[in-house]
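In what follows, chains carry the letters A, B, and so on, assigned in the order in which the sequence lines appear, proteins first and then strands, with residues in each chain numbered from 1. Computed from heavy atoms alone, side chains included, the values below leave out hydrogens, waters and symmetry copies. If you're wondering where the values come from, they're calculated on a predicted model, not measured in any experiment.
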Amino acid sequence: MININNLHACVETADGEAKEIIKGLNLEIKSGEVHAIMGPNGVGKSTLSYVLSGRDGYNVTDGSVELDGVDLLKLNPEERAALGVFLAFQYPVEIPGVNMNVFLKAAVNALRKQRGENELDALGMLKLIKGKSKELGISDDMMRRTVNVGFSGGEKKRNEILQMAMLEPKFCILDETDSGLDIDAIKVVADGVNKLRSPDRSFLVITHYQRLLDYIKPDIVHVMADGKIVKTGGPELALELEEKGYAEFLKAEEQEKAA
Amino acid sequence: MTTCLRILDRDALPTPKDEQWKYTHLGRALGARLLNVQPLAQQQILVHKTVGEICKEPEKIVWKGEAGNHYQSRFEIVLEDGAQATIVEFHEGEGAYWKNMSTEIVLGANARLNHIRIQKDSVDAVQTNMVHISMERDSHLNSFSINLGGKLTRHDIHAVLNGSGAQCQLNGVNLLKGQQHGDTTIIVEHVAPHCVSNQFYRSLLDDKAHGVFQGKVHVHRGAQKTDGYQLANTILLSPMAKMATKPELEIYADDVKCSHGTTTGALDEEPLFYLRSRGLNESQARMLLIQAFIDEVIGKITDSSIQTRIKDMVAEWLKKQLN
C-alpha cells in the first residue's frame, strides 16, 4: 500500500529559511493494516502528515513516498485525495460562509469527477449524507451549519470522520484525532474509524497518548523521535510507552547520535 | 459636510486635500473631457408612498448613461408613516459619462424600505452619488449596494437616525478589476436613543483596482442604548490591488454598544489547503471560498429572487476573473 523510503523534509520558517524536520524516515504499511506513530511534541508527527498530503511550504529534499506504486510526491493535494489519501486534521479548519451540505457535495463530486465516476445528483447526495451522518450521530442541525464554525472539539473530529466515510479513501492519516476529546467523544470517533477498517484500506494513526489505541487497535506501533522512527513493535509497545514515558527512547536516540 | 449632500459642484470639486476625499481623485478621473461638458437639464425621479401604503412587488428604477454626457440627477424616495416598499435602483450605460447624483431617502415613523442598488455603469464612467437618509421613529432601512462598474465611483452615504428605535442596515459588495476605483464613504449619525445601525461591506479587488471604505458612526449626546456595528473585509486577488480603509467611532453618550473591524489581505491558505485535501482543485477551492465570502453579505437581502439574481452576477464576475 504505502511505502515511505528515507524521507527528508523541510519546513519554511517565518524568516524564510528551510528547517529540516523529517530526517530519514522509513515506513511501510500494507493493505488493511493500522499503524500507530507515537512520540512527544515537536518530533515531526504533524509535519509527516502534511508532507504526505501535499501541503505547500513542506518541501521534500530526499527520499520517496509511493502509494500502490504511484509516486505521491509529484502530485498536488487534490490528486493525492483522488488516489485515496485522506488526512483527518488535528485542527480542522473553519470554512466561513460554506454550509456543510455544500462542502460535502463539492468534495464528493470533485473526487468522483477526478476518479472518472458520474457526479451524484441532489437526491443521491442527500441519501449518502443522511446515511453516513446518522452512523456517526451527527444531527441534521449540524449539517445545516457552516463548516467547523462554532463546532465543539468533538463535533469537529466527528466531522473529519464523516468526511473520511464519504470520500472512501484507501490510506487514512489521523493526526492526533484524540487531542482535546473526552473519553465519550473518543469512543464515538474510534467507532467511526473501526467501521471503516477493511482489507483494502490502511490507517496511520498519529497520537500522543496510548488511550486512543485502546479503541483503535493498531497492528504495529512506531515510536518517532527527532524526525525518524526509532523503534517499532506490536501493540504492547504502546503500553510500555505509556508506563515508562518517552524519555528512555529519546535518551537512546541521543546516545546513538553521540556515538 | 454640506458638499456631500448636494449634487457636486462642477466648478468646486473636492480634491484629495479634503479629508473626506483623501483617497479619491475625482478631477483626475473626470479629465478635461467630462469636466468641460455642460450638464444636461436636471433629471429627477421621485418615489413617494403615502401613509400606510404597502407595496409588495419590487419597483425597478433604471438610470442610464450615454457617452459624452454629464448628468445631474436627483432621486427621491419618500415613505410616509407606516409605508413599505422595495426599490431596486439599477445603473447601466455606455462610454464615458459622469453621473452626478443626489439621492434623498426619507422614512417616516414605522416605515420599511428595502433598497437595492446595482451599479453596472460602463467601465469608462464616473459616478458620484451623494445619499442622504433621514429616519424617523421605528423606521427600518435594509440597504444593499453592489458596485461592479465605473472607472471611478463614489457612494457617499449620510444617514441620520432622528427617531428612537430606528434600524439602519447598510450592506454592500464591491467587485473591482482593471484600474477601477470604488469609494464607499459612510457617516451614520445616531441622534436619537435606542437605534441600531449596521454597516457590512465586503470587497474583492483584482488587477490594479483600488478600493476605499471610510465608515463612521457618530453617537450624539443623549443617544443612549445605541447599537452601532461596522465591518469591512477585503480580499485582494492581485498583488497590485490596493485598499484604503478608515473605520471611525465618535461617541458622546456613555451607555452604548459600538464596535468596528476591518480586514484586508489575500485569501487564507489554510481553508484552501483543507478544501484541496478533500479533492477540490485550486480554482474550485478559491471559487467556493470567495463566493462564500461575498454571499454572506448578499444573504442580508430579504427578497430571495433578488438575492439569486445578484448571486448570479457575482458568479459571472468570478468566473471571468478567476479562470
Side-chain angles (χ1 to χ4, degrees), chain A residues 12 49-58 75-100 102-115 117 119 146-149 156 159-160 162-164 166-169 172-173 175, chain B residues 144 146 171-173 175 200-204 231-235 237 261-301 304 307-308 310-312 314-315 318-319 322-323:
Chain A
E12 285 166 29
S49 71
Y50 287 144
V51 168
L52 295 179
S53 51
R55 185 169 186 160
D56 279 347
Y58 293 78
L75 306 178
N76 59 36
E78 57 269 30
E79 290 165 335
R80 296 185 199 198
L83 264 189
V85 177
F86 182 92
L87 169 63
F89 282 60
Q90 181 180 1
Y91 304 109
V93 182
E94 295 184 357
I95 313 283
V98 179
N99 148 303
M100 281 287 292
V102 171
F103 162 68
L104 289 174
K105 193 176 165 202
V108 168
N109 277 339
L111 278 186
R112 290 182 74 96
K113 201 172 168 193
Q114 279 201 71
R115 289 171 181 164
E117 300 163 11
E119 294 189 12
T146 304
V147 182
N148 291 326
V149 176
K156 282 185 183 171
N159 185 15
E160 294 295 288
L162 171 66
Q163 294 166 43
M164 190 188 277
M166 291 193 60
L167 301 179
E168 297 178 341
C172 308
I173 308 156
D175 188 6
Chain B
F144 174 89
I146 179 168
N171 305 314
V173 163
L175 307 183
F200 184 27
Y201 279 77
R202 286 196 161 163
S203 306
L204 295 176
L231 183 65
N233 309 114
T234 302
I235 293 181
L237 298 174
T262 72
T263 59
T264 300
L267 198 61
D268 268 354
E269 286 295 324
E270 274 205 36
L272 208 53
F273 172 63
Y274 191 69
L275 292 174
R276 293 181 73 189
S277 80
R278 299 305 184 243
L280 279 74
N281 66 36
E282 196 177 349
S283 80
Q284 286 170 325
R286 287 173 71 88
M287 184 74 133
L288 186 65
L289 292 172
I290 291 171
Q291 216 155 13
F293 173 78
I294 294 301
D295 281 356
E296 280 193 278
V297 188
I298 298 175
K300 304 282 181 191
I301 300 172
S304 61
Q307 232 189 63
T308 310
I310 290 180
K311 279 186 183 172
D312 290 347
V314 173
L318 284 175
K319 237 175 239 162
L322 296 182
N323 293 330

Trainee: Does a sphere of radius 6.0 Å around NZ in Lys105(A) hold more than 12 heavy atoms from other residues, nucleotides or ligands, not counting ones at 6.0 Å or beyond?
Mentor: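 At most 12 heavy atoms, drawn from other residues, nucleotides or ligands, come within 6.0 Å of this atom.
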Trainee: What part of Asn148(A) lies closer than 4.5 angstrom to a heavy atom of chain B: side chain, backbone, both or neither?
Mentor: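 Just the side chain, heavy atoms under 4.5 Å.
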Trainee: Please identify each residue that fulfils ring pair (Phe, Tyr, Trp, His ring centres under 6.0 Å) with Phe86(A), with sequence neighbours left out.
Mentor: none
Trainee: Taking side chain as everything from C-beta outward and backbone as N, CA, C, O, which of these in Glu94(A) sits under 4.5 Å from a heavy atom of chain B? Side chain, backbone, both or neither.
Mentor: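 Just its backbone gets close to chain B.
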Trainee: Test your reading of the model: is there a side-chain donor-acceptor pair from Glu270(B) to the backbone of Val93(A), 3.5 Å cut-off?
Mentor: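 Side chain of Glu270(B) to backbone of Val93(A), a donor-acceptor pair under 3.5 Å: no, none is there.
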Trainee: Might you point out which heavy atoms bring Ala292(B) and Val98(A) nearest each other, and give the distance in Å?
Mentor: CB-CG2, 3.5 Å
Trainee: Please state whether the side chain, the backbone, both or neither of Pro169(A) comes within less than 4.5 Å of a heavy atom of chain B.
Mentor: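 No part of it gets close to chain B.
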Trainee: Atom CD of Gln114(A) and atom CG of Asn281(B): how far apart are they, to the nearest 0.5 Å?
Mentor: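 Rounded to the nearest 0.5 Å, the CD-CG separation comes out at 7.0 Å.
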Trainee: Atom CZ of Arg276(B) and atom CG of Asp56(A): how far apart are they, to the nearest 0.5 Å?
Mentor: 6.0 Å
Trainee: If you look at every heavy atom in Leu288(B) and Ala106(A), which pair is closest and at what distance?
Mentor: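 The pair with the smallest heavy-atom distance is CD2-CB, 4.5 Å.
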Trainee: At what distance, to the nearest 0.5 angstrom, does OG of Ser277(B) lie from CG of Leu52(A)?
Mentor: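 Here the rounded value is 12.5 Å.
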Trainee: At a 4.5 Å cut-off on heavy atoms, which part of Arg80(A) comes close to chain B: side chain, backbone, both, or neither?
Mentor: neither
Trainee: Using heavy-atom distances under 4.5 Å, tell me whether Ala82(A) contacts chain B through its side chain, its backbone, both, or neither.
Mentor: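 Neither part.
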Trainee: Kindly write out the residues that satisfy ring pair (Phe, Tyr, Trp, His ring centres under 6.0 Å) with Tyr58(A), not counting sequence neighbours, or none if the list is empty.
Mentor: Tyr50(A)
Trainee: Between Val102(A) and chain B, with a heavy-atom cut-off of 4.5 Å, which part of the residue counts as in contact: side chain, backbone, both or neither?
Mentor: side chain
Trainee: With a 4.5 Å heavy-atom cut-off, do Phe273(B) and Pro77(A) have their side chains touching?
Mentor: yes
Trainee: Using 0.5 Å steps for rounding, measure from the CD atom of Glu282(B) to the CD atom of Glu78(A).
Mentor: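 It is 7.5 Å, given to the nearest 0.5 Å.
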Trainee: Compute the ring centroids of Tyr274(B) and Tyr91(A), then answer whether they are less than 6.0 Å apart.
Mentor: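 Between Tyr274(B) and Tyr91(A), the centre distance exceeds or equals 6.0 Å.
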Trainee: If you count every heavy atom of other residues, nucleotides or ligands that lies below 6.0 Å from Lys113(A) atom NZ, does the total exceed 12?
Mentor: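 Open: at most 12 neighbouring heavy atoms sit under 6.0 Å from NZ of Lys113(A).
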Trainee: Select one option (side chain, backbone, both, neither) describing which atoms of Asp295(B) are under 4.5 Å from chain A's heavy atoms.
Mentor: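 It is neither, since no heavy atom gets under 4.5 Å.
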Trainee: Could you tell me the separation between the CD1 atom of Ile95(A) and the CG atom of Leu289(B), rounded to the nearest 0.5 Å?
Mentor: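 Taking CD1 in Ile95(A) and CG in Leu289(B), the distance rounds to 6.0 Å.
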Trainee: Of all the heavy-atom pairs spanning Ala88(A) and Arg278(B), show the shortest one and how long it is.
Mentor: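 The answer is CA-NH2, 4.4 Å.
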